[in-house]
Amino acid sequence: MPELPEVETIRRALEPALVGARIESVALSDPSLAGPGGAGAVADVIGHRVTAVLRRGKHLILLLENSRAIVLHLRMTGALLLQEPEQHSRVRAVLSFSNGQRLLFNDMRRLGTLRVVDDIAALLKQLGPEPLEVEFTAQVLADRLSGRRVPIKAALLDQHIIAGIGNMYADETLFQCRVNPLVPSGELLPAQCQQLRDAIRDVLQRAIENHGASINTYWLPNGGTGSAHRTFQVAHRLGAPCPRCGTPVARVMVRKRGAYFCPKCQPFPQPAVR
DNA sequence: CCCGGAACCTGAAGGC
DNA sequence: TGCCTTCAGGTTCCGG
């Protein structure tokens, strides 16, 4: 499940391979990847040069010289690979470049998307702040959470509130700052917003250093795997002892999503008794 | 604006 | 052994 650290890892691998190269062809073996009517827009990018490989939240952006862009979203099972198509069974598209590189969009569950957009400004605008940028302060986070009654776990997953966090890293983040996933977002104290902000940055940064988490269907463009999942303390560790206190890791459903947490380290705040 | 739920998609896992 | 149901989760859309 590619989240910010996985997409950033992919971005760093693709950047040196694709920047400066011209798109020679785009073969959509699954036209639904580009959405209704997308095939025409895809044809328009042929012949144009890639000027940058960017990431915004979980979106990967191939910026082109005419200010157009190819925006890729991997959703659940998408993978971008610089390999031979024969090595993969669920290839939905192959992009060929003037420098000989070939980029495969492999995607078992076919939820991923490839879109050609004239201007990425609209996309950038609708997403919440980038958690690793310096502008992402505790105050910014507090302002975006204030007044909301949704569980904090759900708020962390909402890309309009913060960009890039998915289920795994939301759980790891809340464990690190000892916040219960069901706490209403607006009830976090200022000190907790500071701890949450620090935890978000720490968890994501360390995951990038470990090249992302290969829990299920995530691969680096060279076919390798990341190791961030080996550092997980609660995510996907139901019943395992909490690394801090030994209590078995529990799991609750928050908005139809599994949330792993330590019931002792992350207690739901008891209502004050007079 | 705010929130909850359905839909999209396919393979794995569990029940009977 | 095999059929059936449920679950996994990122995002969008729709209804209250």
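In what follows, chains are A, B, ... by sequence order, proteins preceding strands, each numbered from 1.
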Legend entry - Side chain to side chain, R109(A) and R75(A), heavy atoms closer than 4.5 Å: no
Inset, instruction - Among dT10(B), dC3(B), dG10(C), find the nucleotide with the atom closest to the side chain of V150(A). - result: dC3(B)
Legend entry - Between dC13(C) (C1') and R75(A) (CZ): distance, integer Å: 12 Å
Legend entry - Heavy-atom check, side chain of L196(A) versus side chain of V179(A), under 4.5 Å: no
Inset, instruction - Check the side chains of D202(A) and Q176(A) for a donor-acceptor pair under 3.5 angstrom, ignoring hydrogens and angles. - result: yes
Inset, instruction - Using the closest heavy atom to pick a nucleotide of DNA chain B for each, name whichever of R257(A) or S146(A) lands nearer the 5' end. - result: S146(A)
Inset, instruction - For M168(A), answer base if it contacts any base atom (sugar-phosphate contacts may also be present), sugar-phosphate if it contacts only those atoms, and nothing otherwise; contact means non-hydrogen atoms under 4.0 Å. - result: nothing
Inset, instruction - Give the nucleotide from the list dA8(C), dC2(B), dG10(C) with an atom nearest to the side chain of R148(A). - result: dC2(B)
Legend entry - Any Q159(A) side-chain nitrogen or oxygen under 4.0 Å from OP1 or OP2 of dT11(C): yes
Legend entry - Rounded distance in Å - CE (M76(A)) to P (dT11(C)): 10 Å
Legend entry - Separation of dA8(C) P from N167(A) CG (nearest whole Å): 9 Å
Inset, instruction - Using atom CG of L60(A) as one end and atom P of dG10(C) as the other, report the distance to the nearest whole Å. - result: 17 Å
Inset, instruction - Give a yes or no on whether H211(A) atom NE2 has more than 12 heavy-atom contacts from other residues, nucleotides or ligands under 6.0 Å away. - result: no
Inset, instruction - Give a yes/no verdict on a cation-pi contact between R178(A) and F261(A), requiring under 6.0 Å between NZ or CZ and the six-membered ring centre and an angle within 45° of the axis. - result: no
Legend entry - Distance in angstrom units between Y260(A) OH and dC7(C) P, rounded: 13 Å
Legend entry - Length of the NE2-P vector between H73(A) and dG10(C), whole Å: 9 Å
Inset, instruction - Write down the atom of T225(A), the atom of L220(A), and the distance for their closest heavy-atom approach. - result: C-CD1, 3.9 Å
Legend entry - Distance in angstrom units between L157(A) CG and dT12(C) P, rounded: 14 Å
Inset, instruction - For DNA chain B, find the residues of residues 108-132 of chain A with a heavy-atom distance under 4.0 Å and give them by number; none if there aren't any. - result: M108(A), R109(A), R110(A), L111(A)
Legend entry - Rounded distance in Å - NE2 (H160(A)) to C1' (dG10(C)): 12 Å
Inset, instruction - Report yes if at least one side-chain N or O of K256(A) is closer than 4.0 Å to OP1 or OP2 of dA8(C); otherwise report no. - result: no
Inset, instruction - Show your working on side-chain contact (heavy atoms from CB on, under 4.5 Å) between E172(A) and V234(A) and close with a plain yes or no. - result: CA-CA 6 Å; E172(A) 288 298 300; V234(A) 291; 3.4 Å; yes
